[in-house]
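Counting starts at 1 for both ligands and their atoms, following the listed order. Bear in mind the structure is a predicted one, so any value in this text is a computation, not a measurement.
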Amino acid sequence: MIRFLKRWFAGAKDADGEDLLSKVRKGPIPRHVAIIMDGNGRWAKKRGLPRVAGHREGMNTVREITRAADELGIEILTLYSFSTENWKRPREEVDYLMRLPQEFLHTDLDELVRRNVQVRMIGDETHLPDHTRSAIRQFQEATRNNTGLILNFALNYGSRDEILRAVRRIIEDVQSGKMDKDAVDEAVMNRYLYTAGLPDPDLVIRTSGEIRISNFMLWQLAYSELWFTNVSWPEFRRDHFFRAIEDYQHRSRRFGAV
Ligand code: FPP
């Protein structure tokens, strides 16, 4: 309850009294925001809690930021939830993370449907446990026809893995005569990535102080704006999110031109 009240107060007003949401609404809204949700483990450790407690609190932040993105009219929110490298973590932590989609399904599906959110996933589904895949499938089926925010979970996702998979499939299609080698351009590459059909992220946020990309959407981030904060993911609030958007609104995006 106390945590809930803290979350509510933190999100209510900007320091200068102006509602941050209405302020940000006046500027250009990024179509696609991608987030590297980092710092769950450190957040938990600082409180003498097991690392998984950080992931649990992180799930609450997922809910809060999804609501905020929806309110702002963002089209796509991509969340880096489990990387291809995260399998190296202790077994109990991996098991816990793999159970989160199922739990999120029980707690949040109704609200997501009500909000017209479409849930998607990018990453290699084949190596996920059955219960995780089943939760994702249920999310996808229940929200398939929704036309609002696309909530895109990157699960068992690695960008190098994604690029290699795309290259292999392009080679197969060239060798089988389905496609001409000279027709392979950026647009073709985009079609073979997990993110096919989605615009590249306009803004990438990484929490918890690390200034790196960690194998996340390397192809898609070519011209994205980057925003880093020392705030850990479990402590990240809608106000932090709106501040990131506000900062984005003051950037001058030239895409290599002058
Ligand atoms: C990185 O923090 C975070 C993760 C590897 C997992 C993120 C997952 C969630 C926030 C929940 C996602 C929710 C659903 C429904 C899929 P870390 O553990 O690496 O933190 P540390 O760097 O402090 O150790």
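Using a 30° and 60° split on the angle between ring planes, F104 and F139 fall in the tilted class, from 30° to 60°.
When heavy-atom distances to ligand 1 are checked against a 4.0 Å cut-off, R51 comes that close only through its side chain, counted from C-beta outward. Here L79 has no heavy atoms under 4.0 Å from ligand 1, in either its backbone or its side chain. Contacts of M98 with ligand 1, taken as heavy-atom pairs under 4.0 Å, are absent altogether. Of all the heavy atoms of L155, none lies under 4.0 Å from any atom of ligand 1, so neither backbone nor side chain is involved. Proximity of W233 to ligand 1, defined as any heavy-atom pair under 4.0 Å, is confined to the side chain (atoms from C-beta onward).
In this structure, the side chain of S134 does not engage the main chain of D130 through any donor-acceptor pair within 3.5 Å. For the pair T143 (side chain) and V119 (backbone), a donor-acceptor distance under 3.5 Å is present.
Counting heavy atoms from C-beta outward, S232 and T207 have side chains that stay 4.5 Å or more apart. The side-chain heavy atoms of D38 and R42, taken from C-beta on, include a pair separated by under 4.5 Å. For the pair L151 and F153, the minimum side-chain heavy-atom distance is below 4.5 Å.
Using a 4.0 Å cut-off to heavy atoms of F104, the atoms of ligand 1 that qualify are 15 (C). Counting atoms of ligand 1 from 1 in the listed order, those under 4.0 Å from a heavy atom of L97 are 6 (C). Of all atoms in ligand 1, listed by their number and element, those nearer than 4.0 Å to a heavy atom of L100 are 11 (C).
For the residues E85, E93, R56, R89, the heavy atom positioned nearest atom 17 (P) of ligand 1 is part of R89.
Taking any N or O of R42, backbone or side chain, at least one lies under 3.5 Å from an N or O belonging to ligand 1. Polar contact with ligand 1: absent for S81 (N/O pair, distance under 3.5 Å). Every N/O-N/O distance between N86 and ligand 1 stays at or above 3.5 Å. Annotation: G41 places an N or O atom under 3.5 Å from an N or O atom of ligand 1; distance criterion only. Residue G39 places at least one N or O, backbone or side chain, under 3.5 Å from an N or O of ligand 1.
When only modelled atom types and interatomic distance are considered, E64 and T61 share no side-chain donor-acceptor pair under 3.5 Å.
Around NE2 of H131, the count of heavy atoms belonging to other residues, nucleotides or ligands within 6.0 Å exceeds 12.
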